[in-house]
*Asks:* 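Structure below; questions to follow.
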Amino acid sequence: VPELPEVEVVRRGLHDHVVGRRIDTVTVAHPRSIRRHAAGAADFTGRLAGRVIGAAQRRGKYLWLELADAPDAPAEKGDDAVLAHLGMSGQMLVETHDSPDEKHLRVRITFDDDGPELRFVDQRTFGGLSAHPLVPAVGGGLLPEPVAHIARDPMDPAFSLDDAVAGIRRRRTGLKRALLDQTVVSGIGNIYADEALWRAELHWARPTETLTRAQGRAVLGAASEVVDAALAQGGTSFDALYVNVNGASGYFDRSLDAYGQADKPCRRCGTPIRRDPFMNRSSFSCPRCQPRPRQART
Ligand SMILES: [Zn+2]
């Protein structure tokens, strides 16, 4: 599943290659890939045809293209946006017309210029595209309706660290659950949460209401650093005419301190990293640097 840094790489690619261009035709090759567009394929293609891609936007792990009526026209409330759900295997590819179709090509978008076309390719079809109005979102900005409840992520210039810390401390839950809850702060997945908790020396089951402001700032600051580092490494290979998401940014193999490191010595104290079951997945932590709180909230 692509995380924030991978989605940001795709966003930048779309920004460079499709923003400002007018859509000519939209072809849906597999209905499953637009199943989230309730009004169906004809409505979907009709909404897109003739529109200009005004901006490529992201919040947390969510990616969308704003549709404008003219180049450089700002998005207005009610304007459409195409929300891209990348799912497990979704890719947005920018390709010349004569490149052979991918085996799992699901949606093709052509433009009214001589430039390359945009293809949505998705082997497992968990992802898809859908068009929605832009509505005022939690924390400000205009977002596609289905994701308007998603909070700003730490990479967002308008992200407020103080507000996010206050939001977490108002919760009555475990710290990691709060970090993963996209309505307080978005874009922190399982891997980034474990890494941020290790850096901040906090246990994943720490009750949020016992967190000090300084601890809240520390763990969110660490999350931001980890995402930044992943983006710096995962984003550098992209400059070709190929916008790709496959969830693997190479960063994870080299730089992880906690996630996936069960039984390996903690890089800070040498104690073997511990794996606990967590929400059908795992949490990795150092038993010594991140002692379990007496009143854990799992
Ligand atoms: Zn340790």
Side-chain angles (χ1 to χ4, degrees), residues 1-6 8 60-61 151 153-155 159 161-162 164-182 184-236 247-298:
V1 178
E3 297 276 358
L4 186 157
E6 290 84 38
E8 174 61 13
K61 296 183 253 182
D153 59 68
M155 310 293 294
F159 175 75
L161 183 58
D162 288 339
V165 170
I168 287 175
R169 293 176 75 230
R170 270 198 301 273
R171 295 291 166 116
R172 295 290 177 271
T173 186
L175 179 52
K176 185 171 172 183
R177 274 184 195 269
L179 293 175
L180 296 181
D181 180 343
Q182 306 291 306
V184 184
V185 53
S186 68
I188 302 177
N190 202 38
I191 297 169
Y192 298 102
D194 280 4
E195 293 298 299
L197 289 163
W198 182 87
R199 287 187 182 207
E201 301 187 46
L202 291 166
H203 192 272
W204 55 269
R206 175 69 177 266
T208 47
E209 68 270 30
T210 69
L211 202 67
T212 67
R213 269 189 202 90
Q215 288 170 329
R217 295 181 72 95
V219 72
L220 285 177
S224 181
E225 284 170 19
V226 174
V227 169
D228 254 340
L231 191 52
Q233 296 187 28
T236 49
S249 68
Y251 169 73
F252 301 130
D253 304 332
R254 295 192 294 279
S255 313
L256 293 175
D257 290 310
Y259 183 84
Q261 307 299 305
D263 303 325
K264 291 185 186 159
C266 168
R267 288 184 191 172
R268 204 162 32 215
C269 75
T271 306
I273 297 288
R274 176 190 161 91
R275 185 185 74 81
D276 295 305
F278 176 80
M279 292 174 77
N280 296 321
R281 290 184 288 180
S282 298
S283 273
F284 297 90
S285 59
C286 171
R288 183 164 173 194
C289 299
Q290 301 165 265
R292 190 180 176 85
R294 216 166 284 136
Q295 293 179 323
R297 283 188 192 268
T298 57

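Just follow the structure's listing: the first ligand is 1, and inside any ligand the first atom is 1.
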*Asks:* In a table with atom names and distances, give each donor-acceptor pair under 3.5 Å that connects a side chain of residues 211-219 to protein atoms at least two apart or in another chain.
*Replies:*
{"residue": "T212", "atom": "OG1", "partner": "Q215", "partner atom": "N", "Å": "3.0"}
{"residue": "T212", "atom": "OG1", "partner": "Q215", "partner atom": "OE1", "Å": "3.4"}
{"residue": "Q215", "atom": "OE1", "partner": "R206", "partner atom": "NH2", "Å": "2.9"}
{"residue": "Q215", "atom": "OE1", "partner": "T212", "partner atom": "N", "Å": "3.0"}
{"residue": "R217", "atom": "NH1", "partner": "D162", "partner atom": "OD1", "Å": "2.3"}

*Asks:* Under a 3.5 Å distance rule, please check whether D257 uses its side chain to pair with a backbone N or O of E195 as donor and acceptor.
*Replies:* no

*Asks:* Please check this pair: side chain of S186 against backbone of A151, looking for a donor-acceptor N/O pair closer than 3.5 Å.
*Replies:* yes

*Asks:* Mind checking what makes ring pair (Phe, Tyr, Trp, His ring centres under 6.0 Å) contact with W204, not counting sequence neighbours?
*Replies:*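 By the ring pair (Phe, Tyr, Trp, His ring centres under 6.0 Å) rule, W204 matches F278.
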
*Asks:* Which residues pass the side chain to side chain contact (heavy atoms under 4.5 Å, CB included) test with T271, sequence neighbours left out?
*Replies:* C269, C286, P287, R288

*Asks:* Considering non-hydrogen atoms only, spot the tightest contact between L4 and G60 and give its length.
*Replies:* CG-O, 3.8 Å

*Asks:* When you check the space around the Zn ion (ligand 1), which protein N, O or S atoms turn up under 2.8 Å?
*Replies:*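 Listed by chain and number: C266 SG, C269 SG, C286 SG, C289 SG.
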
